[in-house]
Structure formats: C-alpha cells, structure tokens
Amino acid sequence: MTTAVAHAIEFDTPTGIPNRKLGVWLFLVSEVMFFTALIGAYIVLRLGNPAWPVPSTILNIPLTGLNTFLLIVSSVTLVRAFAAAQDGNARGLRLGLVATVLLGATFLGIQAFEYHKLVHHGLTPSSSIFGSCFFTLTGFHGLHVLGGVIWLTIVTIKAFGGVYDDGRHLGVELAGLYWHFVDLVWILLFTIVYLI
Amino acid sequence: MADIHARQHPNYLGIFWGLLALTIVEVAVAYQSIGRGLKIGVLLGLAITKALLVALYYMHLKFDRRLLTLIAVTPFFLISAVCLLLFAGLALAG
C-alpha cells in the first residue's frame, strides 16, 4: 500500500527538525494530556454511575458518523494539498486548502445543529452528568476545530497570495499537523462517547 | 518552483479508504448485540487502528525523524502511569 518516500530533509537545527515543527509537536503532546484528562474523567464518571444512559438512545449516531466521515475527508484534502505544495503544484495546494476549510466549517455546522437538537430535547450541560460530560468533551473538541478552521483560513489566504509557491511550505505542514491531530482526537471521541 | 526530483508520496487515498472502511465497521459493530466487553475491545481496537493510520501516514510520523516518534509516544507512558495510579486508588477505595 505504501510507496517509498524520501527521507525528511535535513534542517540546520540541533535536532535536524525545524524549530517550529518541533514546537508544534510538543504542543500536540500537551494536547494529548489535555484530552486524556477529559476522557479519563468521562470514563471514571461513567463507571461510577450505573444509571448512565445508552448513548445511541440519545445521540444521533448516523449524523455523527457522517460528520466523522467529513472530518476524515478533510484530512485527506489537507494532506494532498501539502503533497501538492511539495510538488510545486500551487493550484492543487489552493484547492486542497479551500476544500479542507469548507469541510471543517461543515463539521462545525453539523455539530451546532446536533447541539441545537439535543438542547431542544432537554440534554444540556447542566441537565445530567451525561450531558455535562458530553458537552464538555465535544465542546472542547469543537473549539479546537474552530481554531483549526481559523488557522487554515489564514494559511489558505497566504497560499492564494503565493507565499508557499517558492518551495517554503512549512506553514502548510504545521497547520496540517494540528488539523490531523484534531481529526485523530475526534476518531477516539466518537468511539468512546457515541459508540461505547 | 517544482521539485526537480520526482517525489513519491504515501498512498493517501488508500489510507482514506481504509479509514472509511474501519469507520463503517465501527458503526456496524456498535449496533450488534454482542458481549459488552467484546464490543468495547473491538471498538477501541478499531479506533486505535484509525488513530495510528492518521498519525503514521497523514502526520508523517512513519517517514520523519525518530525524535518526533519519541516525542509523540511520551504522553502514553505518562497516561499509563496515571491509569495505574487511578485504578489502584479505585481498587483501594473499594
């Protein structure tokens, strides 16, 4: 399935990795601890509450499954946009970035619709411990998605301005790392909160 | 400026089809009437597989310097330690 890939280009830093890229990775691992704390609290609270509702009886699994699909597609469009940047394909980069921003915004729109329906049916952050956990976990993830959409919008504007046309596309890669991480967290959240 | 050396990229679309298939299987398993322990194990296994695919291929961990892999796995050692302490505490509390 995997084709051969050229090894990472050497950079003139003590680690051989661009300092900004190292910084983003360190930030992402701190985010792993952040979401671990939230998920850990969810698990402990759920194990301690025998009356925990079955998520599929309250949450819209098919709609959220579609949302999960959209987020995964957005990771594909972004990684292909980065590949286009590496290949010197400015048009491919710009199209991929626009598609990613639109898919991310759509994810947020669907989540906002889901929140509206749930609140209308009585599930709020204060209605129950399940509601509190649900809105805290998905809400914090949604904020991360919003931050990613804003970041990617800025990157897209810069791409249309030709900033990444001269082969310096680290900015695209850094935004991509963050976006893929947000997708990765959702993969786990969808399973733990919605399916189990 | 185009890269004069032909760059080979990982099979991103192939990974996508894998992620899509795993997601469909996950949702299908969630609706099955199987033992709860088995269901949780299968669902978590599928989710972790998907997460690894994203991390290794889309985030390029598989092809990047080993230092980044070391950084990426570090929190899981911390998480394991926290889980051990947590469950030990829960067991002592009865």
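Just so it is clear: chains get the letters A, B, ... in the order the sequence lines come, proteins before strands, and each one is counted from 1. This one's a predicted model, so the numbers in the text were calculated from it and none came from an experiment.
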Quick one: which of [options] has the most heavy-atom pairs under 4.5 Å with chain B, could you say?
{"options": "Val44(A), Leu188(A), Ile61(A)", "result": "Ile61(A)"}
{"options": "Ser75(A), Gly65(A), Gly176(A)", "result": "Ser75(A)"}
{"options": "Asp183(A), Ile192(A), Ile72(A)", "result": "Ile72(A)"}
{"options": "Val32(A), Val185(A), Val76(A)", "result": "Val76(A)"}

Single-linkage hydrophobic cluster, 4.5 Å side-chain cutoff, [X] and [Y] together:
{"X": "Leu86(B)", "Y": "Leu84(B)", "answer": "no"}
{"X": "Leu95(A)", "Y": "Trp179(A)", "answer": "no"}
{"X": "Leu102(A)", "Y": "Trp151(A)", "answer": "no"}
{"X": "Leu108(A)", "Y": "Ile154(A)", "answer": "yes"}
{"X": "Leu146(A)", "Y": "Ile157(A)", "answer": "no"}

Engaged part of [X] at the chain A interface, taking heavy atoms whose separation is under 4.5 Å:
{"X": "Leu56(B)", "value": "neither"}
{"X": "Leu43(B)", "value": "both"}
{"X": "Leu46(B)", "value": "neither"}

Approximate separation, where rounding is to 0.5 Å, of [X] [atom1] and [Y] [atom2]:
{"X": "Asp64(B)", "Y": "Lys21(A)", "atom1": "CG", "atom2": "NZ", "value": "3.5 Å"}
{"X": "Ile48(B)", "Y": "Leu184(A)", "atom1": "CD1", "atom2": "CG", "value": "10.5 Å"}
{"X": "Tyr194(A)", "Y": "Glu26(B)", "atom1": "OH", "atom2": "CD", "value": "13.5 Å"}
{"X": "Leu195(A)", "Y": "Leu44(B)", "atom1": "CG", "atom2": "CG", "value": "10.0 Å"}

Under 4.5 Å between any side-chain heavy atoms of [X] and [Y], yes or no?
{"X": "Leu22(A)", "Y": "Ile71(B)", "answer": "yes"}
{"X": "Ile79(B)", "Y": "Met33(A)", "answer": "yes"}
{"X": "Trp25(A)", "Y": "Met59(B)", "answer": "yes"}
{"X": "Val29(A)", "Y": "Thr74(B)", "answer": "no"}

Handout entry: Nearest heavy-atom neighbours spanning Ile187(A) and Ala47(B)
Key =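 Scanning both residues, the minimum pair turns out to be CG2-O, 3.6 Å.
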Whether over 12 other heavy atoms sit under 6.0 Å from [X] [atom1]:
{"X": "Phe113(A)", "atom1": "CZ", "answer": "no"}
{"X": "Trp17(B)", "atom1": "CH2", "answer": "no"}
{"X": "Arg80(A)", "atom1": "CZ", "answer": "no"}
{"X": "Phe140(A)", "atom1": "CZ", "answer": "no"}

Practice task
Show your working on side chain to side chain contact (heavy atoms under 4.5 Å, CB included) between Thr77(A) and Phe16(B) and close with a plain yes or no.
Solution key: CA-CA 10 Å; Thr77(A) 55; Phe16(B) 164 71; over 6 Å; no
Practice task
Output the option from Leu22(B), Leu67(B), Thr23(B) having the highest count of non-hydrogen pairs under 4.5 Å with chain A.
Solution key: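 Most heavy-atom pairs under 4.5 Å with chain A: Leu67(B).
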Practice task
Name the region of Ile43(A), side chain, backbone, both or neither, that has any atom closer than 4.5 Å to a heavy atom of chain B.
Solution key: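 The answer is neither part of Ile43(A).
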Problem - Portion of Thr36(A) that has a non-hydrogen atom of chain B nearer than 4.5 angstrom - result: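 Side chain of Thr36(A) only, per the 4.5 Å heavy-atom cut-off to chain B.
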Practice task
May I ask you to decide if the ring planes of His180(A) and Tyr58(B) are parallel, tilted or perpendicular, using 30° and 60° as cut-offs?
Solution key: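 If you compare the ring of His180(A) with that of Tyr58(B), the planes turn out tilted.
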Problem - Members of residues 29-41 of chain B whose heavy atoms come closer than 4.5 Å to chain A - result: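 If one takes a 4.5 Å heavy-atom cut-off, the residues of residues 29-41 of chain B near chain A are Ala30(B), Tyr31(B), Arg36(B), Ile40(B).
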Exercise for the section: Take Thr15(A) and Arg65(B), measure what side chain to side chain contact (heavy atoms under 4.5 Å, CB included) needs, and give me the verdict at the end. Expected result: CA-CA 9 Å; Thr15(A) 59; Arg65(B) 296 180 73 91; 5.8 Å; no
